[in-house]
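First the structure, in the form of structure tokens, and then the observations on it.
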Amino acid sequence: MDHLHTLVKRISEDQDDNIGSAKKASNSSVSGLVSTLVVNLVVFSVMVLVFMILRRTQKRMYMPKAFIKTVPEWKRTSLSNIKGQDGFFSWFGGINAVDDATVLRTAGLDGYFFLRYLKQARNMMAVGVCLTFPILFPINRYGGGHEEGLDIISFSNCVKKNFYYAHVLVGYAYFSFLLFTIYKELIYYINMRQAYMFSPLYAPRISARTILITSVPPAYRSEAVLRKVFDNVKRVWINYDHEELEELVQEREKIAMKLEASEVALIKLADAARRKKVGTAAAPVTDGAAEEVADNGASGSVAAKWLERKKRPTHKTKFLVGEKVDTIDWCRGKLAEMNPKVEELRERILAGDGTRFNSAFIEFTSQSTAQVAVQTLAHHQPLHMAPRYIGIQPSEIVWKNMKMGWLERLIKIVATTAFCVALVIFWSIPVAFVGVISQVNYLTEKLPWLSFINDIPPVILGLITSLLPAIMLAVLMALLPIVLRAMARIAGAPSLSQIELTTQNSYFAFQVVQVFLVTTLSNAASTAVAGIIKNPGSAPGLLAASIPKASNFYIAFIILQGLSISAGGLLQIVGLIVFKILGWLLDNTPRKMFRRWTTLSGVGWGTVFPVYTLITVIAITYAITAPLVLLFGTISLSLLYISYRYNLIFVYSSNIDTQGLVYPRALYHTLTGVYLAQIVLIGLFALKGAVGPLILQIIYLIFTVLFQVGLSSAMSPLLQFLPKSLEEVEERLLNMENGEVTVEEPTAAVGKDHEAGLIGGRVPNPLSLVDTHLSKVGFMSKFLHPEKYTDYNGLRKIVPRDIPDIRYTPEQERSAYYHPAVKAQLPHLWLPKDVGGVSAQECAHNREVIGCDDEGAYVNEKGKVMREDDDSFPPGWEEEPIY
């Protein structure tokens, strides 16, 4: 703190008499930065301290994946091997020491690449700091301007045109590094994705060899015709209209849960009444009660020993005006009535008697044949039997979109796009207001009627202009994800993963336009507006000086994300409170307790990635004009990386699998920063009249466009599909690892093909893959040659292989892509066992219409429902197969 104030004092001592009016503005910018740092550091420190205290006692909240039994054992085992998790500080070292294989095992491909993006973005900024600070800080400081505070080391303080060549050359070097890094990471992603999808962790899955075909013409909506269109078909699922069955199944599920809740309420009421009569001590079931339980007795006869019938759970069949009925008897009657209807509808659909939708899932004999099919031009008319998708898991399917035709899809895409454009326009108004607040200190100098703001203490004013706008902007943007996901669903996205990918694009566009461009332009305009009004001819110079100053707002924004958000992600205080309070208030049945205990927090990649891509874009955009942003971006992303690394390993689940496709999209989005940085420089050079730097920057902008066009053209097929060349290689490697095949070294006669790892110039030699020694290669070699040192050969070793074999029963294979309503089973009720024997009799009577058990839960001596232990599962619970 003292060093910062000393810096402010030294800067103020260098003031020119002509710029005395800027003193308060400069002090405000530094004061705002200091205030933001102090507040966020305090919040960060408190949150991290509380997290370190709570994490050792509240393991359900902070380490659920390590011990919750619904998490597959092969994931839990790897987490138990992470060292230092019982210590107060040692957890940090343990998390950092986790290898890539463990991260991939526990976080999935999406989580693995999200962490890699944070790390690579941090590295991009760190290199920018090393490159720009030693060169551009002195250039800007002694550039002939009269700025103060933080602006003295920004582009706005440089007015000597010859100095701008330094900005151009540094930009050339830095932007080239960024372009190469993006190329390198795309190569890394492609090779890792291929290694993952050919591995035993993914390749045996049904989804890996199943494609979804949409917009199927009526003449092709039969299994026989589709088998003629495609080769190597193993199974076909035509999608039907399941609306009636779905409604009936949902209603039955609702009634079953209502019955379960009513039974639990009856057991608790009867137990409380019994304890009043016989005392609080646990008493055995009486002989009479035992006989009635054994003989099944009259409905509720055991409970009636302690509880009057009028006190049993009741409800009205219609809201307010319906008939009042006994809930348990009514639910049993409704279930007995609905069960035959559900079975009848299910049998009709399975027999093919129903309205067929224009979509179908087709399983092929292998992943390779499915890859061929998804790339096949299946129909002679445009937009028919397209688009096609591969790798959609049954749990991710958006079934309502399975009936959408090509025309309906086009109309909805246009409509939702128009809605999003309108949303951008109207959303600009509140976002622009936030930008004006961040620059209020400049407005007070030029607009006298706002002078009362100057009476606010500097510390408070700093918070208002720096921290408050950042918080307001974060809250404002929190409303967008719900709307954007709804638009993606309406537009016809067939799966949850496709919804996330669509949302990632639209949310990033919102972030760039609203959080960045609108705010930046409003900042610059609010700073220069008074001067432009007085002297319109000075507009170019004022705008050129004002645009870099807007970086001060984003420094505060990045500090907020890096400190408060990262610490908040670790602490999860709201989630902890909600978990405890809602569990206490709402979890009145064993099943609800089980669900709350075993349900893990998920990650919406479509809205998580764009937030941190935006931070990267902002830092890159200001890398040349206001390099200080890079420093705070590096620190913030480092802290966010630690926070997300811990949570993705121990806390978050990966229910949605985009197969890592969010990563290349984020990399392409990062190019937005490179474009914006150059456009800003071109605009500033034009406003300053610097012709030479302007021409050089335009040349590099053209190069950047050509680079991206070539990169996209080369990489696009590899991002979507798998190559045939690796299929046999992987198969032979697996056989060799299992000891089934012995591969001999190629002879010298093979010649140059041996150097390329080929046998006879045709088949890759698996030994050349196994013998890749990445550890012996230097850092620069790995960085400059990703195609050689981070290729499939080495990355396949990172993918977990010590996992249980993925196998399916005949029924699981047959019903894999049935609609959930078709394969839905009648719920098995779970009641708590009571001392009075009420649960035993209720289970016996319920079994006439629905399965019911009272094992694994009980009513304790205080009348509270409890699970016997954390390993107690609902009756009939089975782990879902990995499709």
Side-chain angles (χ1 to χ4, degrees), residues 109-110 113-114 116-118 120-121 182 185-186 189 193 214 386-389 391-392 396 398 401 404 409-428 431 476-518 603-618 620-621 656-676 705 708-709 711-713 715-720:
L109 205 58
D110 291 333
F113 277 113
F114 176 67
R116 185 169 181 87
Y117 181 82
L118 291 180
Q120 293 301 320
I182 291 172
E185 286 305 303
L186 285 173
Y189 166 75
R193 177 175 180 267
T214 60
R388 295 178 294 277
Y389 306 88
I392 296 179
E396 292 188 1
V398 181
N401 288 340
M404 192 176 294
R409 179 177 287 105
L410 284 179
I411 293 173
K412 288 187 174 181
I413 288 175
V414 171
T416 53
T417 302
F419 178 84
C420 289
V421 171
L423 202 61
V424 170
I425 296 173
F426 290 107
W427 214 276
S428 301
V431 173
L476 194 63
M477 297 305 293
L479 300 175
L480 278 174
I482 300 172
V483 176
L484 296 181
R485 284 193 174 92
M487 291 299 102
R489 188 180 291 265
I490 291 172
S495 67
L496 298 181
S497 58
Q498 288 296 321
I499 287 177
E500 291 303 310
L501 291 171
T502 303
T503 302
Q504 183 184 9
N505 284 337
S506 56
Y507 192 53
F508 175 73
F510 267 100
Q511 292 276 333
V512 170
V513 173
Q514 300 297 341
V515 179
F516 189 29
L517 296 181
V518 171
V603 182
W605 297 119
T607 51
V608 170
F609 253 101
V611 173
Y612 305 109
T613 308
L614 177 69
I615 292 178
T616 308
V617 167
I618 291 172
I620 292 173
T621 302
I656 298 176
D657 180 18
T658 70
Q659 299 166 6
L661 286 172
V662 283
Y663 188 57
R665 292 199 181 203
L667 292 174
Y668 281 125
H669 289 166
T670 304
L671 283 173
T672 305
V674 179
Y675 284 115
L676 289 176
V705 173
Q708 183 177 359
V709 171
L711 186 69
S712 299
S713 176
M715 298 295 181
S716 181
L718 292 171
L719 295 176
Q720 302 177 55

Nearest heavy-atom neighbours spanning [X] and [Y]:
| X | Y | value |
| --- | --- | --- |
| Q504 | A666 | NE2-N, 3.6 Å |
| L109 | G660 | CD2-N, 4.0 Å |
| R193 | Q720 | NH2-O, 3.3 Å |
| Q511 | L614 | OE1-CD2, 2.9 Å |
| S497 | E396 | OG-OE1, 3.1 Å |
| A491 | T416 | CB-OG1, 3.7 Å |

[Y] side chain reached by [X] side chain, heavy atoms, under 4.5 Å:
| X | Y | answer |
| --- | --- | --- |
| I656 | I499 | no |
| Y668 | S712 | yes |
| M715 | Y189 | no |
| Y117 | V662 | no |
| F516 | T621 | yes |

Can you measure from [atom1] ([X]) to [atom2] ([Y]) and round to the nearest 0.5 angstrom?
| X | Y | atom1 | atom2 | result |
| --- | --- | --- | --- | --- |
| T502 | Y507 | OG1 | OH | 16.0 Å |
| Q120 | F113 | CD | CZ | 10.5 Å |
| Q498 | Y389 | CD | OH | 5.5 Å |
| L484 | T607 | CG | OG1 | 9.0 Å |
| H669 | I182 | NE2 | CD1 | 11.5 Å |
| L671 | L676 | CG | CG | 11.0 Å |

Point to revise | T672 and F508: CA distance, side-chain angles, deciding distance, side chain to side chain contact (heavy atoms under 4.5 Å, CB included) verdict | key: CA-CA 10 Å; T672 305; F508 175 73; 3.6 Å; yes
Point to revise | Pairwise salt bridge (Lys or Arg N to Asp or Glu O under 4.0 Å) hits with a residue in residues 490-513, at least two apart | key: R485-E500
Review point. Does any pair with a residue in residues 661-673 pass salt bridge (Lys or Arg N to Asp or Glu O under 4.0 Å), and if so which ones, sequence neighbours excluded?
Key: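 Not a single pair qualifies under salt bridge (Lys or Arg N to Asp or Glu O under 4.0 Å).
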Backbone of [Y] reached by a side-chain donor or acceptor of [X] within 3.5 Å:
| X | Y | result |
| --- | --- | --- |
| S506 | T503 | yes |
| T417 | I413 | yes |
| S716 | S713 | no |
| N401 | R489 | yes |
| T214 | P387 | yes |

**Study point:** side-chain contact (heavy atoms from CB on, under 4.5 Å) partner of D110, the single match among V608, L661, T658
**Key:** T658
Exercise for review: Just say parallel, tilted or perpendicular for the rings of W605 and F114, cut-offs at 30° and 60°.
Suggested key: tilted
